[in-house]
> 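Right, I'll just put the structure down here and ask away after.
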Amino acid sequence: MRSLSNIFWLGTKELRSLFGDVVLIGLVIYSFTVAVISQAQSNSQELYHASIAVVDEDSSELSRRIIGAFLLPYFQPPVHITQAQIEPVMNSGRFTFVLDIPPNFERDVLAGHRPALQVNVDATAMVQAGLGSGYILQIIDTEIDWFLARAQTTPLSPVNLVTRIAFNPNVTTSWFESVMGIISSVTMLAIILAGAALVREREHGTMEHLLVMPLSPFEIAMSKIWANGLVIAAAVVIALYLVVQLVLGVPIAGSIPLFMVGVVLYLFFGTAVGLFLGTIARSMPQLGLLYILVAVPMNMLSGGATPVEAQPQWLSTIMKASPSTHFVSVAQAILYRGAGFDVVWPHFIAIAGIGALFLTLTIWRFRAAVTATGA
């Protein structure tokens, strides 16, 4: 009981020290608000409000059907221009796409000919240009097929392909990126806050004060882990309810309390990494450099940026030994697909087991470091 009391009161000291550091508190607030919103809205992978102009030289029913098929939110309302305006508006960057429908287009289609349509694309908007070209081709093909089927009573294909997109029916990037932004912030802050707590003790000369008190290195380490972990866990809850659901309008399919169990388990690993790096770094700049070497690859390869299955076999095998990979799987399963405990418990065990091993290593390293400091 005495040990638990020491851990509790040392943790409250850590909380007072953390809330007195304006820069770190500002980093926490920024990471779970502005950074999440920015990542969700600025990394769009779908077509949205693409500008398009149309040169309709046919003025037929088919051409009007094609033009009317370019709808919001994928395309802005098409603007009619003349053929002489194509080059000036493309050079000025006013439109990303310009569709030119030639004369007698409907007549040639009904006659069984293969008339050519011209689509001019401004590829300086690379993502929009690549996605929009595919959208335009699909829209034109669909409208022509339906027009021919109605005009010539041509039977439709006996095969009806229906695509069902589960969990994110509109393939909206923000639904994915917002949660992944929170996961990245959890990893970043768990490492930085725990590591900074140790470096701050060393820089302020208060580590020696702790060592002359009847405290064990285990108590000192665990106090930093629970205090910083509590701040991050509270920030995650606020970010999920206020930022993800309220501001961004992203639906959460599963149980947030169940997800928070995974967050707490993962924080033992993340803060242990921060303490481990804090025993190596002698200053905050050194801690920042070590963070880049450790956390950036861990975030990129854990499945948040690219699927683990798409990685080379040897790399995906290595990443399965990282709790960050299992944490991303837990987040996606619970928050996207509404999975329950019966689905995610193997990941919970993996996070807890690997995290406990690394926490043991960190405590051993921490004990060695503070003993050397005391000597």
> If we ignore hydrogens and angles and just use 3.5 Å, is the side chain of S17 paired with the main-chain N or O of K13 as donor and acceptor?
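No, because the side chain of S17 does not come within donor-acceptor range (under 3.5 Å) of the backbone of K13.
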> Ignoring hydrogens and angles, tell me if any N or O in the side chain of S38 forms a donor-acceptor pair with the backbone of V34 under 3.5 Å.
no
> Do you know which two heavy atoms are closest between V199 and M284, and how far apart they sit?
CG1-N, 3.8 Å
> Hydrophobic cluster membership, with links at side-chain heavy-atom distances under 4.5 Å among I/L/V/M/F/W/Y: are I192 and M300 in one?
yes
> In the structure I gave you, are the side-chain heavy atoms of W226 and E14 within less than 4.5 Å of one another anywhere?
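A side-chain contact is absent here, since even the closest heavy-atom pair is not under 4.5 Å.
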> Of L189, V236, L15, which meets side chain to side chain contact (heavy atoms under 4.5 Å, CB included) against V231?
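It is L15; the other options fail the test.
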> Is there side-chain contact between I67 and R64, with heavy atoms separated by less than 4.5 Å?
no
> Side chains of D122 and T96: do they bring a donor and an acceptor to under 3.5 Å?
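On atom types as modelled, these side chains do not qualify, holding no pair under 3.5 Å.
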> Considering non-hydrogen atoms only, spot the tightest contact between I139 and A69 and give its length.
CG2-CB, 3.4 Å
> In this structure, which one of S322, S184, P323 forms a side chain to side chain contact (heavy atoms under 4.5 Å, CB included) with M298?
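Among S322, S184, P323, the one that satisfies the side chain to side chain contact (heavy atoms under 4.5 Å, CB included) with M298 is S322.
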> State, yes or no, whether a side-chain contact exists between L99 and I66 at a heavy-atom distance under 4.5 Å.
yes
> Does the side chain of I136 come within less than 4.5 Å of Q138's, by heavy atoms?
no
> Rounded to the nearest 0.5 Å, what's the gap from CD1 on I363 to CG on L275? Could you check?
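So the CD1 of I363 and the CG of L275 are separated by 7.0 Å.
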> Tell me whether Y336 at atom OH has more than 12 heavy atoms from other residues, nucleotides or ligands lying less than 6.0 Å away.
yes
> Atom CD1 in I29, atom CG in L24: separation rounded to 0.5 Å?
11.5 Å
> Just by distance, do the side chain of S302 and the backbone of T325 share a donor-acceptor pair under 3.5 Å?
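Flag not set: sc S302 to bb T325 has no pair under 3.5 Å.
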> If every non-hydrogen atom of I101 is compared with every non-hydrogen atom of L117, which pair is closest and at what distance?
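Minimum heavy-atom separation between I101 and L117: CA-CD2, 3.6 Å.
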> M260 and I256: side-chain contact (heavy atoms from CB on, under 4.5 Å), yes or no, with the steps?
CA-CA 6 Å; M260 290 308 301; I256 291 180; 4.2 Å; yes
> Begin from the C-alpha positions of V250 and Q245 and carry the test side-chain contact (heavy atoms from CB on, under 4.5 Å) through to its verdict.
CA-CA 5 Å; V250 179; Q245 289 189 311; over 6 Å; no
> Is any side-chain heavy atom of Q76 less than 4.5 Å from a side-chain heavy atom of F70?
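Of all side-chain heavy-atom pairs linking F70 with Q76, none is under 4.5 Å.
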> Do the side chain of Q286 and the main chain of R282 share a donor and acceptor less than 3.5 angstrom apart?
yes
> Can you name the closest pair of heavy atoms from A333 and V344 and give their distance?
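In this case the closest contact between A333 and V344 is CB-CG1, 3.9 Å.
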> What residues, two or more places apart in sequence or in another chain, satisfy side-chain hydrogen bond (donor to acceptor under 3.5 Å, both in side chains) together with S329?
none
> Give the C-alpha distance, both sets of side-chain angles, the deciding distance and a yes or no for side-chain contact (heavy atoms from CB on, under 4.5 Å) between R114 and D108.
CA-CA 7 Å; R114 299 178 63 86; D108 292 341; over 6 Å; no
> Between S324 and Y266, does the side-chain hydrogen bond (donor to acceptor under 3.5 Å, both in side chains) criterion hold? Intermediate values first, please.
CA-CA 8 Å; S324 61; Y266 180 71; 4.8 Å; no
> When you measure from the side chain of D58 to the backbone N and O of P103, does any donor-acceptor pair fall under 3.5 Å?
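No; judged by distance alone, with no hydrogens or angles, the pair does not exist.
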> Kindly compute the distance separating OG (S60) from CZ (R107), expressed to the nearest 0.5 Å.
11.0 Å
> Count I, L, V, M, F, W, Y as connected when their side-chain heavy atoms are under 4.5 Å apart, and connections chain through other members. Are V23 and I232 then in the same cluster?
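No, no single cluster joins them.
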> In terms of hydrophobic clustering (I, L, V, M, F, W, Y; side-chain heavy atoms under 4.5 Å; direct or indirect links), are L357 and I225 co-clustered?
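Shared cluster, no.
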> Would you say K320 and T317 make side-chain contact, with heavy atoms under 4.5 Å?
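Result no, sub-4.5 Å side-chain heavy-atom pair not found.
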> If two hydrophobic side chains count as joined below 4.5 Å and joins carry through other members, does V237 share a cluster with L258?
yes
> Output the distance between atom CD1 (I81) and atom CG (D56), rounded to the nearest 0.5 Å.
11.5 Å
> Give the minimum heavy-atom separation between A235 and V28, together with the two atoms involved.
CB-CG1, 4.2 Å
> Can you find a pair of side-chain heavy atoms, one from I191 and one from L290, that are under 4.5 Å apart?
no
> Does the side chain of F269 come within less than 4.5 Å of L359's, by heavy atoms?
no
> Output the distance between atom CD1 (I7) and atom OG (S223), rounded to the nearest 0.5 Å.
7.5 Å
> For E106 versus E61, what's the shortest heavy-atom pair and its separation?
OE1-N, 3.1 Å
> Please determine whether residues L71 and V54 belong to a single hydrophobic cluster, defined as Ile, Leu, Val, Met, Phe, Trp and Tyr linked transitively by side-chain heavy-atom distances below 4.5 Å.
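Different clusters.
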> Could you give me the CA-CA distance, side-chain angles and deciding distance for L242 and V247, then say whether side-chain contact (heavy atoms from CB on, under 4.5 Å) is met?
CA-CA 6 Å; L242 297 184; V247 177; 5.6 Å; no
> Which label fits F75 and Y135: parallel for a plane angle under 30°, tilted from 30 to 60°, or perpendicular past 60°?
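The arrangement is perpendicular - the two ring planes meet at more than 60°.
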> Among all residues two or more places apart in sequence or in another chain, which pass the salt bridge (Lys or Arg N to Asp or Glu O under 4.0 Å) test with D21?
R200
> Tell me whether E177 contacts the main-chain N or O of S174 through its side chain, where contact means a donor paired with an acceptor under 3.5 Å.
no
> Between F276 and F358, does a ring pair (Phe, Tyr, Trp, His ring centres under 6.0 Å) hold up when you go through it step by step?
CA-CA 9 Å; F276 184 84; F358 195 86; 5.7 Å; yes
> How long is the gap from CG on N6 to CD on E219, to the nearest 0.5 Å?
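Here the rounded value is 4.5 Å.
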